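Here's the structure, in structure tokens; my notes come after.
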Amino acid sequence: MSKSPITTHILDLGSGKPAAGVRITLEQQQGDSWVTLASAETDADGRVLSGFGSEAVAGVYRLTFDTDGYYAAQGLRCFYPQVTIAFRLDDVQAHYHVPLLLNQWGYSTYRGS
């Protein structure tokens, strides 16, 4: 299995562990609309490395993380029921890693390597 040009991982800062089983949708902006390209679920290490296809074209993308489902499975409620991160992909030869640092009450992200 080869790594997708777009990857992600989630660290649950509340537990200090990777967030396994989180549903994530990848979309691309096309004009005024968003087109769903793929859906994947984080593995036991909180990662999606090959679930978003093998190629990407330049454009604006977004990842939407089902944080409500993740916390509900633990019997918890969260403040942000979903987290959506939009980003621009310019270099089609580059790897774009979009990590999410998460807890029940907030989140942070950055461009990873």
Side-chain angles (χ1 to χ4, degrees):
M1 213 181 308
S2 64
K3 186 165 42 171
S4 297
I6 298 169
T7 61
T8 188
H9 80 269
I10 307 171
L11 177 62
D12 181 341
L13 295 174
S15 68
K17 298 179 181 175
V22 178
R23 196 83 178 128
I24 304 167
T25 303
L26 173 67
E27 298 169 287
Q28 183 183 24
Q29 188 175 30
Q30 294 182 4
D32 292 335
S33 300
W34 291 93
V35 176
T36 300
L37 302 177
S39 256
E41 192 171 287
T42 55
D43 63 16
D45 197 31
R47 298 179 182 276
V48 174
L49 298 177
S50 60
F52 297 138
S54 60
E55 294 182 12
V57 297
V60 176
Y61 292 80
R62 70 181 178 191
L63 291 169
T64 300
F65 301 80
D66 177 18
T67 51
D68 202 37
Y70 170 71
Y71 283 110
Q74 300 173 54
L76 300 170
R77 288 181 53 84
C78 62
F79 185 68
Y80 296 102
Q82 63 180 234
V83 172
T84 300
I85 302 169
F87 58 98
R88 186 177 317 278
L89 189 153
D90 288 325
D91 180 357
V92 298
Q93 301 302 313
H95 174 239
Y96 290 79
H97 186 65
V98 184
L100 178 64
L101 303 175
L102 179 67
N103 68 49
Q104 283 178 268
W105 314 112
Y107 64 90
S108 179
T109 187
Y110 56 95
R111 179 165 181 197
S113 58

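All figures in this text were calculated on a predicted structure; none of them were measured in a lab.
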Checking Q30 now: which residues fulfil side chain to side chain contact (heavy atoms under 4.5 Å, CB included) with it, not counting sequence neighbours?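 Q28, V35.
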
Side chain to side chain contact (heavy atoms under 4.5 Å, CB included) filter on Q74, not counting sequence neighbours, yields D12, Y70, Y71, L76

Output every pair passing salt bridge (Lys or Arg N to Asp or Glu O under 4.0 Å) with a member in residues 104-113, not counting sequence neighbours, ordered by first then second residue.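 Every candidate salt bridge (Lys or Arg N to Asp or Glu O under 4.0 Å) pair involving residues 104-113 fails, so no pair, neighbours aside, qualifies.
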
Scan for salt bridge (Lys or Arg N to Asp or Glu O under 4.0 Å) pairs involving residues 64-83, sequence neighbours excluded, and state none if there are none. none

Listed partners of [X] passing side-chain hydrogen bond (donor to acceptor under 3.5 Å, both in side chains), at least two apart:
X: S39; answer: T25
X: E27; answer: R62
X: S15; answer: none

Side-chain hydrophobic cluster, 4.5 Å single linkage: members besides W34: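 Members other than W34 - counting any ILVMFWY side chain reachable under 4.5 Å - are V60.
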
Please give the remaining members of the hydrophobic cluster of L11, linking ILVMFWY side chains under 4.5 Å, ordered by chain and number. L13, L101, Y110

Starting from the C-alpha separation in whole Å, work towards a yes-or-no answer on side-chain contact (heavy atoms from CB on, under 4.5 Å) for F87 and T109. CA-CA 11 Å; F87 58 98; T109 187; over 6 Å; no

Sequence neighbours left out, what passes ring-ring contact (aromatic ring centres under 6.0 Å, His included) with Y80? Give chain and number order.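 For Y80, the residues satisfying ring-ring contact (aromatic ring centres under 6.0 Å, His included) (neighbours in sequence not counted) are Y107.
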
Quick one: which residue pairs count as a side chain to side chain donor-acceptor pair (under 3.5 Å) with a foot in residues 90-100, not counting sequence neighbours?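 Of all non-adjacent pairs touching residues 90-100, those that pass side chain to side chain donor-acceptor pair (under 3.5 Å) are T7-H95, T7-H97, H9-H97.
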
Which residues pass the salt bridge (charged side-chain N to carboxylate O under 4.0 Å, His left out) test with D45, sequence neighbours left out? R47

